[in-house]
Protein chains: 2
Amino acid sequence: MNKEMKQCVDIFKALSDKNRMRILLMLRVRPLCVCEISEVLNIAFSTISAHLKLLRNTGLIEDEKDGRWVIYRLVEGDEFFDDILGSVEEKLHGDKQVLNDRKVVSEITREICALKLKEKQYN
Amino acid sequence: MNKEMKQCVDIFKALSDKNRMRILLMLRVRPLCVCEISEVLNIAFSTISAHLKLLRNTGLIEDEKDGRWVIYRLVEGDEFFDDILGSVEEKLHGDKQVLNDRKVVSEITREICALKLKEKQYN
DNA sequence: TCTATATTTCGTATAATATAGAAATATATT
DNA sequence: AATATATTTCTATATTATACGAAATATAGA
């Protein structure tokens, strides 16, 4: 399989999982750390980490360390991927879960997530 | 997972395989029977049949019987899918394999494929 | 009706993927 | 230095995907 065909298939593979799709749409709002993503998705950290690794390996997101946090953001400038994700957003413009994910993202901060995680430990 | 999110993920799942991608791009040239697709892909009939079934279940292709042949064609009118497949074609406009697939499709007919399959039986 | 042809279904082997929990790593704070 | 926090890696497991060959089905033609 040549390079561009592989890129193409890999991008679709990355998009063919509900949780990764939600992550990518969230990152369209703003860059996020893993605990913020976890606050929205409510799945294990190790699982989120695996999804982020796949998205990074596919070249769709990049990360940057900030203290003990790792901030993930969309890679910009890939015309093909931008078109695809744009079409997705258009198709899902009224999707309740996507709207709610965005709402949560706009309300939380790393600090709030940290507090919430601490609370969870006592339960 | 709600309906549109599921559709979205399912379409990407359908596109996240090299052989299915090639099938869809071939069908953009013209409707094809299974033996014509087989002439291009060179994988087992049962495997092609499984891919076609998945594409049909995802609503991307439809089939029509013509004698003992089954002719597959792209379903038209899904704006989202049309956009996606258009982007793919644009990205892969210079892809050698895709170009060659199209060339083969333009040269073969059901009858030629039938003859070739007969020859294979004697080897 | 018997046979050839085109395709699908079934059974199965193998590989890839998603997920979680525990342990490891890296950084910040005390 | 010791501890807390954020994230990743490792390991195990369950599910799903891809592939093939053999058998089944459906239609056409002799």
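Values below: every heavy atom of this structure, side chains too, minus hydrogens, waters and symmetry copies. Lettering follows sequence order; numbering is per chain, from 1.
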Exercise. What is the base-pairing partner of D:dA30, counting Watson-Crick and G-U wobble geometry with both distances under 3.5 Å?
Worked result: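 Its partner is C:dT1 (Watson-Crick or G-U wobble, both distances under 3.5 Å).
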Exercise. In Watson-Crick or G-U wobble terms, both distances under 3.5 Å, what is the partner of D:dT5?
Worked result: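 Because both required distances fall under 3.5 Å, D:dT5 counts as paired with C:dA26.
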Between [N] atom [atom2] and [X] atom [atom1], what is the distance in whole Å?
X	N	atom1	atom2	answer
A:F45	C:dA18	CZ	C1'	18 Å
A:H51	C:dA18	NE2	C1'	6 Å
B:R68	C:dA6	CZ	P	6 Å
B:I48	C:dA6	CD1	C1'	12 Å
B:L41	D:dC20	CG	P	11 Å
A:I71	D:dT5	CD1	P	18 Å

Exercise. With under 30° as parallel and over 60° as perpendicular, where do the rings of B:F12 and A:F12 fit, or are they tilted in between?
Worked result: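 B:F12 vs A:F12 ring planes: parallel.
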Problem set entry | 5'-most by nearest nucleotide on DNA chain C - A:K65 or A:L54 |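 Here A:L54 is the residue nearer the 5' end.
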Exercise. Under the 3.5 Å rule, do the base of C:dA20 and the side chain of A:S46 count as making a donor-acceptor pair?
Worked result: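 Flag set: donor-acceptor pair detected.
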Exercise. Is B:A114 touching bases, backbone alone, or none of the nucleic acid, heavy atoms closer than 4.0 Å?
Worked result: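 B:A114: backbone/sugar contact only, no base atoms under 4.0 Å.
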Problem set entry | Nucleotide nearest A:A44 (side chain, heavy atoms from C-beta), chosen from D:dA19, C:dA18, C:dA20 |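 Given the options D:dA19, C:dA18, C:dA20, the side chain of A:A44 is closest to C:dA20.
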Exercise. Between C:dA18, D:dT8, D:dC20, which nucleotide gets closest to the side-chain atoms of A:V34?
Worked result: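 My answer, after comparing the listed nucleotides, is D:dT8.
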Problem set entry | Closest non-hydrogen atom pair, A:E107 against A:I112 |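 The answer is O-CD1, 3.8 Å.
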For this session: Give a yes or no on whether A:E79 atom CD has more than 12 heavy-atom contacts from other residues, nucleotides or ligands under 6.0 Å away.
Result: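 No.
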Problem set entry | Common cluster, B:W69/B:I108, ILVMFWY with side-chain heavy-atom separation under 4.5 Å |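 No, separate clusters.
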Exercise. In the single-linkage hydrophobic clustering (I, L, V, M, F, W, Y; side-chain heavy atoms under 4.5 Å), do A:M1 and A:I11 co-cluster?
Worked result: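 Looking at the clustering, A:I11 is in the same group as A:M1.
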Exercise. With nearest nucleotides of DNA chain D determined for A:K53 and B:S16 from heavy-atom distances, which residue corresponds to the more 5′ nucleotide?
Worked result: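 Result of the comparison: A:K53.
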